[in-house]
Amino acid sequence: MKASSTANANIALVKYWGKRNKKFMLPQTGSVSMTTEDLQSHTTVEFDPKYKEDVLIVNGKEYKKGDEEYDDYVGLFLGVVREMTGKDIKAKIVSNNNFPTAAGLASSAAGFAALAAAVNEALSLGLDDKQLSMLARRGSGSATRSVHAGFVEWKRGEEEDGSDCYAEQLFPPEHWPEFRMVIAVTSKKDKKVKSRAGMKQSVATSPFYKSWAENVVPNHIEAVKKALTEKNFKTLGETAELNALAMHAVAIATKPPVVYWNAGTMDIIHAVMDWRDEGLECYFTIDGGPQVKVMCLEKDAEEIAKRIKEFDNIEDVIITKPGSGIKITDNHLF
Ligand code: DP6
C-alpha cells in the first residue's frame with residue numbers, strides 16, 4: 001500500500017478565485033490553466049496500520065496536529081479518502097517540491113495532484129483521470145487542473161455534490177510547444193494570506209466579486225479557449241493579463257485587503273508593458289503571491305529572462321513551457 005507519483009504546478013490563464021461550496025471545494029467560476037514542465041512535486045504515500053497517526057513531511061519539514069497544513073489541507077483530504085474507501089488506515093506522506101512552496105507558485109496544486117495519483121495507486125482505487133481530478137480538487141481546488149498535461153479547463157459544474165465539477169485537457173503540450181512562461185521569483189518567503197483564506201474573504205466582502213464571477217470570468221474563458229484553439233498569442237496574452245489584473249483588483253478591494261504584490265512585482269509589471277511597447281511581445285500573469293509569470297514565445301524567452309535578472313528584488317528566474325500531467329514512479333522517497 002505504498003506508491004509514488006509526480007505532478008507539475010499549473011499557472012492559471014483564467015483564475016479561480018472563490019468557492020461556492022467549501023466541503024466539496026466547488027468553485028464560483030470555471031478556470032483555464034497551463035500545466036508547467038519544470039515545477040514539480042514528487043510525493044510518496046504509504047498506508048500502513050503501523051502508523052498510529054498520519055505523518056506528513058514536506059520539503060524535509062514535518063507537520064503535526066495543530067499545523068494548518070496537517071489539519072486543514074492533508075487532514076481534510078485524507079478524511080475524504082477514508083470516507084470513499086471505508087478504510088481507516090493511517091498514512092505517511094513525504095513530498096518534495098523543486099520550487100518555492102506557498103509563494104504563489106501553485107505548490108498545493110502540484111502536491112495534491114501528485115498525492116491523489118499516489119493514493120489511487122497505493123489503495124488500488126482504479127480511478128480514471130477525470131475521477132482523479134475530482135479527488136485532487138478535494139485537497140486544493142487548483143490541483144484538479146494539474147492532473148492533466150498541457151492546457152486545461154476546470155469546469156465549474158452546477159451540481160451541489162460536485163459530480164460535474166472536474167478538469168479536462170483542452171490541448172496537449174504538443175499543440176503549442178513554443179509557448180513559454182518566464183517566472184520572475186520576487187520573494188521565496190511564505191505568503192501572509194493563503195489563497196484559501198484570501199478568496200473566502202473576497203467572496204464575502206469584495207464589492208467587485210459579483211461582476212468578476214458573473215461577467216469577467218465567463219467571457220475570459222471563452223476568449224482564452226478560442227485563442228488557444230487558434231494559437232493566437234496576442235489575444236491569449238491580453239486576455240490572461242486582464243484576467244489576472246481583474247482578480248487582483250477583486251482581492252485588493254477585499255476587507256481586510258489581500259495584496260500579494262511587492263516592489264519586484266511592480267517592477268516587472270511595468271517592464272513587461274514597456275517591453276511590449278518596444279515590440280517585444282510578452283504579457284504577465286500573477287497568482288496568489290508576488291511572483292510574476294511572463295508569457296512569451298520560445299524565441300523571446302531567453303531575452304526576457306536576461307532582462308528580468310537585471311532588476312534588483314529578483315531572487316530567481318525560471319523558464320517553463322506546457323508540460324506533463326500526473327505520472328506514477330517507482331522512485332519512492334522513503
Ligand atoms: C490565485 O487552489 O490554492 O492561484 O482551493 O483553497 O486550495 P484552495 O486554493 P488554491 O487557489 C489558487 C488561486 C490562484 C488562481 C488559480 O490557480 O486559478
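Order of appearance sets the numbers: ligands from 1, and atoms from 1 within every ligand.
Here the NZ-OG1 distance, from K293 to T285, works out to 7.0 Å after rounding to the nearest 0.5 Å.
The R196 neighbourhood of ligand 1 comprises atoms 6 (O), 7 (O), 8 (P), with distances under 4.0 Å to a heavy atom of that residue. Near S195, meaning under 4.0 Å from any of its heavy atoms, are these atoms of ligand 1: 3 (O), 11 (O), 13 (C). Set against the non-hydrogen atoms of S108, the atoms of ligand 1 under 4.0 Å away are 3 (O). Set against the non-hydrogen atoms of K15, the atoms of ligand 1 under 4.0 Å away are 18 (O). The ligand atoms of ligand 1 that sit less than 4.0 angstrom from a heavy atom of M25 are 5 (O). With ligand atoms numbered from 1 in the order given, ligand 1 contributes 16 (C), 17 (O), 18 (O) to contacts under 4.0 Å with heavy atoms of R145.
With atom 6 (O) of ligand 1 as the reference point, the heavy atom nearest to it among R137, K19, M199 is part of K19.
In terms of polar-atom proximity, defined here as any N/O pair under 3.5 Å, S31 makes no such contact with ligand 1. The N/O atoms of W17, backbone and side chain alike, include none that comes under 3.5 Å of an N/O atom in ligand 1. Between G141 and ligand 1, an N or O atom pair is found at a separation short of 3.5 Å.
Remark: aromatic rings of W154 and Y166 are distant, center separation not under 6.0 Å.
Between H175 and F151, the ring planes are perpendicular. Angles over 60° get that label, and only those under 30° would be called parallel. Aromatic ring pairs are classed by plane angle as parallel below 30°, tilted from 30° to 60° and perpendicular above 60°; the pair Y260 and W17 is perpendicular.
Residue contacts with ligand 1, taken as heavy atom pairs separated by less than 4.0 Å, involve A12 solely via side-chain atoms from C-beta onward. Here S140 has heavy atoms under 4.0 Å from ligand 1 in both its backbone and its side chain.
Using a 4.0 Å cut-off between charged nitrogen and carboxylate oxygen, K226 and E222 do not count as a salt-bridge pair. A salt bridge does not link K2 to E121: none of the charged nitrogens lies less than 4.0 Å from a carboxylate oxygen.
In the hydrophobic clustering of ILVMFWY residues, with side-chain heavy atoms under 4.5 Å counting as a link, V203 and V259 come out apart.
Residues A109 and A143 approach most closely at O-CB, 3.4 Å, considering heavy atoms.
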